[in-house]
Amino acid sequence: MRRPGARLVAVRAFDALKVYLPFMLLQGGFASRLPELLQLPWQAFVWAYSLSRIHVILFDWVTTAYRIEGHGITLRRGWPGSHTTSVAWGDIASLSIDQDVVHRFLHRHRATLVVGAETQPTVVLAVLMPAEVEMLRSHGAQRATPSGGTPGPTPDVASPEPDAAGPESLHRTSWLDLLVVAVTYGQVALVVPFAISAYGDLAEWLPLPPDGQALAWALSGGPWVLAAACLLAGLAYGLARAWLRFGGHAVRLVDGRYEVTRHAIDRGSGTARAQDVVGVRIDQNSLMRVLGLGTLHLVLRRGQGAVQALTVLPIARLPVIERHVATLLPGVPPPPGRPHAGPVLAVGVVTLAVAAALLAGGQPWLAGLALLVGLWLADRAATSLAVGADRLVVHQRGWASRRTYLLASGALRAVATWRVGRTPWSGTTLTLLDRAPVALRAWGTTDVCVDRARACVR
């Protein structure tokens, strides 16, 4: 078996130091404020944490070995007791190959393999040579065929763009797409003008430092100048986040497998079998809602962690997304139910009462901040659940920014009902399998809808 080599030490050192160095820079100021009685325990904690970084940097390099063969992959880890994992090519549900800044500098790649068996852990090969990466990719045809089975049917997915590079090309992200996606990441800037302008009022209630020169400079241009500057900064931040997430994002359909590549600072690629798709997730920010656009993610049968929802179309027209959904999940999905009005009205009434009280007290910026928070909570409280005759489950959340799940029966792991005290408000929670379970909550579900959802639990 082959050991990763000394480059793994550099990768682990970067992962450890990017957290350790900020901690050491900040811990001195924190320690100076501790009473004398806590100085010794704090120093012991700092020394123990520092020594643990040596373990993080060196342990995998000393104890990890792997082998890539014609029948699959073998990974051995641990000391003094070792654990060996052997994975056949046909048991790999999805493959993701990433290359961040450190890996690009070292000319190495990181591969994440999600194993078909849910009881098996995800296999991560942290430092692979380019030749080994090509060997992994060369077994794509075997991954499309489960062990002991035959290749699944290749979905007939139409190209979403009339000017696609070929019949197998599904999407290639443009800068206009990134501008639309940037609204999702940049909308947090809406809170900044209200928070800065209300800083003086918040400092009276919270242990915040007094107004400084930076705050006075930020308010010197007036509230409208501050709001415009924050909007521009939010757009720039959102565009940067969108580029890092979807820069160079391209998707192809090859032999029933979705192949995703991206070429921003962190390069990477991923594959997933179409036959492992058990649901889709459609995200829409407020601008996408107006323009009739959306983002399509695939929910995989054996996905874990970041691989659980593979982004196929970062931005696409809703008719294009509907064609993909009809191909991946055959059947007639039920129309989304109407959101239960009770929680939305309750949040709205409380928000208006708080905002009116703050406005009457001469604190308009705090009132505006309360309205923004209340609108966000009311939007998240607008949820609905519907289950169709074809055992397709539709969960929808939000109105201004909407997230819709369309799930087949194999995607659900649990269904639970709950009630708020003695009130008539009740709801349902659907659980998806992930590294941490994903809970989808809906208010005001009927008994018939709950029974149909429970019939879809795997």
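The chain is numbered in sequence order, starting from 1.
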[X] [atom1] to [Y] [atom2] distance, which is reported to the nearest 0.5 Å:
X    : Y    : atom1 : atom2 : value
I282 : L293 : CD1   : CG    : 12.5 Å
I97  : L128 : CD1   : CG    : 7.5 Å
S52  : F59  : OG    : CZ    : 13.5 Å
M135 : M129 : CE    : CE    : 8.5 Å
I73  : L125 : CD1   : CG    : 5.5 Å
F246 : I315 : CZ    : CD1   : 9.5 Å

What's the shortest heavy-atom distance between [X] and [Y], and which atoms?
X    : Y    : value
P343 : H340 : CD-CD2, 3.4 Å
P334 : G388 : CG-N, 3.3 Å
V181 : P314 : CG2-O, 3.9 Å
L358 : A370 : CD1-CB, 4.2 Å
A126 : R12  : CB-NH2, 3.8 Å
L75  : V124 : CD2-O, 4.2 Å

Quiz item: Are side-chain N/O atoms of H171 and T173 paired as donor and acceptor at under 3.5 Å?
Solution: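 Yes - a donor-acceptor pair under 3.5 Å links their side chains.
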
Discussion item. Under 3.5 Å, is there a donor on one side chain and an acceptor on the other for R380 and S401?
Written reply: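 Side chains of R380 and S401: no pair found under 3.5 Å.
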
Going by heavy atoms in the side chains, are [X] and [Y] under 4.5 Å from each other?
X    : Y    : answer
L371 : T351 : yes
I321 : H324 : no
V299 : H297 : no
L328 : L298 : yes
L239 : L178 : yes
S174 : D177 : yes
V11  : L106 : yes
L406 : V325 : yes

Any donor-acceptor N/O pair, [X] side chain to [Y] backbone, under 3.5 Å:
X    : Y    : answer
R77  : T64  : no
W243 : G238 : no
Q99  : R108 : yes
R397 : S384 : no
N285 : V180 : yes
Q396 : T383 : no

Determine whether more than 12 heavy atoms belonging to other residues, nucleotides or ligands lie under 6.0 Å from atom [atom1] of [X].
X    : atom1 : value
R441 : CZ    : no
R104 : CZ    : yes
R289 : CZ    : yes

task = Please identify each residue that fulfils side-chain contact (heavy atoms from CB on, under 4.5 Å) with V344, with sequence neighbours left out.
result =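 V344: side-chain contact (heavy atoms from CB on, under 4.5 Å) contacts with A378, A381, A382.
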
| field | Results of side-chain contact (heavy atoms from CB on, under 4.5 Å) for F23 - residues two or more places apart only | value |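 Residues passing side-chain contact (heavy atoms from CB on, under 4.5 Å) with F23: Q27, W42, F45, V46, Y49.
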
Sequence-distant partners of [X], salt bridge (charged side-chain N to carboxylate O under 4.0 Å, His left out), two or more places apart:
X    : result
D283 : R281, R403
D100 : R110
R391 : none

Non-neighbouring partners of R241 that pass side chain to side chain donor-acceptor pair (under 3.5 Å), sequence neighbours left out: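 With sequence neighbours excluded, R241 shows a side chain to side chain donor-acceptor pair (under 3.5 Å) to Y237, given in chain and number order.
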
Notebook entry, point to check: Run the side-chain contact (heavy atoms from CB on, under 4.5 Å) check on L440 and Y405 step by step: do they pass?
Noted result: CA-CA 9 Å; L440 307 177; Y405 274 94; 3.5 Å; yes

Worksheet item: Which is it for R323 and V320 under the side-chain contact (heavy atoms from CB on, under 4.5 Å) test, yes or no, and what are the steps along the way?
Response: CA-CA 5 Å; R323 290 203 303 267; V320 174; 3.7 Å; yes

query: Y20 and L17: side-chain contact (heavy atoms from CB on, under 4.5 Å), yes or no, with the steps?
result: CA-CA 5 Å; Y20 177 74; L17 293 179; 4.0 Å; yes

Task: Intermediate values then yes/no, side-chain contact (heavy atoms from CB on, under 4.5 Å), T295 and Q284 - done: CA-CA 6 Å; T295 301; Q284 293 177 283; over 6 Å; no

